[in-house]
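See below for the structure under consideration.
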Amino acid sequence: MWGDIAIAFLLAFITTFVLTPYTIKVAKKIGAVDIPKDNRRMHKRPIPKFGGPAIIAGFLLATIYLIITSSIEGNIQLFGTENYFVKLIGFLLGIIALSSVCYFDDIKGIPALVKLAGQIVAASIVVAFGIRINNLNLPFFEGNLVLNNVFSIILTMGWIVGITNAINLIDGLDGLSTGISIISSVCLLIIFALNGSPLIAIIIITALVGALAGFLPFNFNPAKTFLGDIGSNFIGFTLAVVSILGIAKTATAFVVVLPMIVLGLPIFDTLSAIVRRLIKGKSIKAVIQPDKGHLHHKLIAKGFTQKEAVLMLYGISVACGMFAVILFES
């Protein structure tokens, strides 16, 4: 099994690495280029922002390969009691719906509320196909808290939309979102492997790590291309979904909060942005208004270079991931 997983990682890496230069060319033809037209942007020249399709292609190819080999070897039952086939179809449809909305955002730009609506639709599809947070095992509380349908749906959709936006919002410096997502994914992979999580979660997270690793050489400072909204939304969406799949059958009390710790940096940055904008704008509408108050903006304002700021935030993300792993093992 682990041999197949290594092959899938390489398959995702190579596919994304090979396709990314082509997405750069396509981006220039269709107008998916990030032009530095305000002082929020850290780059000084137009940069293509269409890396998402290359990442998705690498991810899907590796995922399909692993699902086929695992099914042949009898390691996964797609049509068993968990009905993973249906859940995977829902996941794929969610990716298609979300990417379709983000495609127009990358080319022409769309209002934030329209993009939020697309994220909600994608989350709704996933929930409708059976991917849900059905119960909670909370630290320091005995027993398993089973959620009713309404609260399960609300919590699941809130988690998916929240993490999708968290990865999108932190995508402000060369390689920042990609690198933090790699670190978070590797930490989740370790936790899933130690926890005996469903194989489907290990398959998805492995494919994601490989695809992101293939994209990072083009995205790290100085960046040749950006993730774009397709890429950043896909990453956040996938991390949110795989977190649910990875903890679905656990009996360990702390594991329900482990994905939150692993993704602690983007979650903290997003929550602080919401609070900051509410206080400053004094209205709900202010939450969707961009600003220069994110962690990476503050580090740049302190005099750090882009590369220094990114490496510092990588370090914080690694610390969060290590803390989650240690907490699980303790």
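Counting heavy atoms from C-beta outward, Leu299 and Leu295 have side chains that stay 4.5 Å or more apart. At least one side-chain heavy atom of Asp174 sits less than 4.5 Å from a side-chain heavy atom of Phe226. The shortest distance between side-chain heavy atoms of Ile96 and Ile125 does not fall below 4.5 Å. Contact of the Phe234 side chain with the Leu98 side chain is not registered, since no non-hydrogen atoms from C-beta on lie closer than 4.5 Å. Between Pro53 and Ile230, the closest side-chain pair of non-hydrogen atoms falls below 4.5 Å. Tyr314 has its side chain out of reach of Ile182: every pair of non-hydrogen atoms, C-beta onward, lies at least 4.5 Å apart. Side-chain atoms of Ser181 and Leu239, non-hydrogen and from C-beta on, do get closer than 4.5 Å to each other. Using a 4.5 Å heavy-atom threshold, the side chains of Tyr84 and Ile67 count as separate.
Ser70 and Asn75 form no side-chain donor-acceptor contact under 3.5 Å, judged by distance and modelled atom types alone.
The aromatic rings of Phe17 and Phe218 are tilted relative to each other, their planes meeting at an angle between 30° and 60°.
Listed for the Asn168 side chain is no donor-acceptor partner under 3.5 Å among the backbone atoms of Thr164. Ser232 places a side-chain N or O within donor-acceptor distance of the main-chain N or O of Gly228, the cut-off being under 3.5 Å. A donor-acceptor distance shorter than 3.5 angstrom exists from the side chain of Asn219 to the backbone of Thr225, with no hydrogens or angles considered.
Nearest heavy atom pair, residue Lys87 against residue Gly130, reads CE-O, 3.4 Å. Closest non-hydrogen pair, Ala123 versus Ile160, comes out as CB-CG2, 3.9 Å.
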